[in-house]
Amino acid sequence: MKHRSDTVAMSPIPSHVRVALELRIPSDVRYIERVVEMVTRQCAELEYHPRQLALNVPVALTEALSNAILRGNREMPSRSVRVRAEVDRDRLVLEVADEGTGFDLEACLVDPTSPENLTREDGRGLFLMKRLMDRIERFDNHGNVVRMTLRRHD
Amino acid sequence: MKHRSDTVAMSPIPSHVRVALELRIPSDVRYIERVVEMVTRQCAELEYHPRQLALNVPVALTEALSNAILRGNREMPSRSVRVRAEVDRDRLVLEVADEGTGFDLEACLVDPTSPENLTREDGRGLFLMKRLMDRIERFDNHGNVVRMTLRRHD
Amino acid sequence: MSFAIRKQGDVVVVDVEGQLIVGNRQELKQKVLDELERGEKKFLIDFGHTGYIDSSGLGVLVSLSKKIREQGGELRLANLNDDLKTLFELTKLDTLFQIADTKERALESF
Amino acid sequence: MSFAIRKQGDVVVVDVEGQLIVGNRQELKQKVLDELERGEKKFLIDFGHTGYIDSSGLGVLVSLSKKIREQGGELRLANLNDDLKTLFELTKLDTLFQIADTKERALESF
Ligand SMILES: Nc1ncnc2c1ncn2[C@@H]1O[C@H](COP(=O)(O)OP(=O)(O)O)[C@@H](O)[C@H]1O
Ligand SMILES: Nc1ncnc2c1ncn2[C@@H]1O[C@H](COP(=O)(O)OP(=O)(O)O)[C@@H](O)[C@H]1O
């Protein structure tokens, strides 16, 4: 279509915009990067803060996806991961669902910054999700769902 | 975020992608172009046919929006138009909702190509929606809703 | 969206850049009617840089064509891409307008 | 994502281009371990062209740093942008690694 960007630029922005992205991927970590790219792009359109686009969203989502693929689904080819991202100018809600039996979020959350954990190779995923998002929840819905919420900053 | 596109290009595309876009605009035709641009961009990402991106989607959506703004809402500032676009690789479902009392779709659909109508200035909107989309429905839901469905072509 | 108007010989050439839709069709109408009032008779609308056209844009073209003919003038269209051609065919407006493939052909045909 | 390795003086410099995440961290690990096996002692990882790093990417850095130290070598990091710096600060890994602002400073410091 022959759009001229100055053309659309003159057309005002809707008073309310909400985008819901629903994705399904196989239990394979190679898919993560593309999913992250698709979600951050939607956030970029709604002018999330550059730091949220470069740090909070990609890192937290990557952690949730790799846990879903490696822990929840144990990379079983018969299982897939579903992602739902709902974005508006107030907040991003990310839901990552796997086909595992779930886990105890509080119990699994260790402090990787403590002296005894600092030199460990693993155990920073849930911690980063918690620190980079405003809220993180876990619930069951035909499998395990992790929901993360982030308020938009300009 | 420092993405290199070749990077993401190596990350496979999710097996299922569905995007739902929800927008609300004032009863003002200047908003139409931006809404059309936002919807066609989502269709473009899912590789709808160039003709669908340049003709079917923009024209049918523009018609539905201008009818909602001018007919349904009669440009009243207290009223707004809601748009929902749900897109996946199979089909696009567009819903345009206004705060009017609705209309009789079949009765309002005239044939603008008949000799007596050909030189009329108006009356081509619903006809184009019907010809450019695979399906068009109207129903009530706290106001008037027009739903149009288009199957994706490569 | 913008409408660039210029004179080429005795023909008024209008370029429609971007969309011709409900939000801007009045602007096109007024610009052409101003020229008509000034005594111009030959009009060519060039769609080489046009995106999409909606039913109200088509309606303005129908209306202008009538008004120009009433003043003894002529309106020609040129440079429709395949999608725009389809739009004119769907509405059978390709039978109402004189449509040339290129601007040059349209200019010659006056 | 790709890892470009080259020698600068007696320092092995690795450029991390794109993401350092669960899907590719093994590649980085293997490349550095190969050099270590070949007898290299000084390693500099340059993040000037890096996007984001996840916990498993951080884990690989921790692991490499240990292995390099075991062989009497040194690992330095350079060129972290503000977002990456924050990531290291959040995890307190900025206290574990020697981090230089620029590659030049990192090279001088060996
Ligand atoms: N989706 C999941 N399904 C099952 N267990 C999970 C899931 N996500 C996290 N866990 C559990 O929480 C633990 C901590 O996760 P995390 O902080 O990401 O560190 P790591 O994955 O490096 O062990 C995991 O080892 C696993 O036992
Ligand atoms: N959203 C709507 N609310 C109320 N009436 C509508 C709506 N959409 C269409 N109509 C009715 O259908 C008629 C035909 O619409 P259309 O084919 O778009 O032609 P036009 O708008 O040019 O008259 C309109 O004149 C109007 O009476």
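Computation of the quantities below employed the complete heavy-atom set of this structure, encompassing side-chain atoms and omitting hydrogens, waters and symmetry-equivalent molecules.
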Taking only heavy atoms into account, what residues of residues 115-140 of chain A are found under 4.5 Å from chain D?
A:Leu118, A:Thr119, A:Arg120, A:Glu121, A:Arg124, A:Gly125, A:Phe127, A:Leu128, A:Arg131, A:Leu132

Out of D:Gly59, D:Ser56, D:Ser65, return the one with the most heavy atom pairs under 4.5 angstrom to chain A.
D:Gly59

Considering all heavy atoms, the nearest D:Glu40-D:Asp10 contact
OE1-O, 4.2 Å

Any side-chain heavy atom of A:Glu37 within less than 4.5 Å of one from A:Val39?
no

If I measure from the heavy atoms of chain D, does A:Leu65 come under 4.5 Å with its side chain, its backbone, both, or neither?
neither

Check this for me: does any side-chain nitrogen of one of A:Glu45 and A:Arg41 sit under 4.0 Å from a carboxylate oxygen of the other?
no

What I want to find out is whether A:Arg89 reaches A:Glu47 closely enough, with some N-O distance under 4.0 Å, to be called a salt bridge.
yes

Does any heavy atom of chain A fall under 4.5 Å from the side chain of D:Ile53, the backbone, both, or neither of them?
backbone

For D:Leu90, is it the side chain, the backbone, both, or neither that has a heavy atom closer than 4.5 Å to a heavy atom of chain A?
both

Decide, yes or no, whether a salt bridge links D:Glu27 with D:Lys29 under the criterion of side-chain N to carboxylate O below 4.0 Å.
no

Please step through salt bridge (Lys or Arg N to Asp or Glu O under 4.0 Å) for the pair D:Glu74 and D:Lys42, ending with a clear verdict.
CA-CA 5 Å; D:Glu74 278 179 80; D:Lys42 297 179 181 175; over 6 Å; no

Please classify the contact between D:Thr95 and chain A as side chain, backbone, both or neither, with a heavy-atom cut-off of under 4.5 Å.
side chain

Start with the C-alpha distance between A:Ser27 and A:Glu75, add both sets of side-chain angles, then the distance that settles side-chain hydrogen bond (donor to acceptor under 3.5 Å, both in side chains), and finish with yes or no.
CA-CA 5 Å; A:Ser27 300; A:Glu75 293 183 276; over 6 Å; no

Treating D:Asn24 as the side-chain partner and D:Ile21 as the backbone partner, does any N or O pair qualify as donor plus acceptor under 3.5 Å?
yes

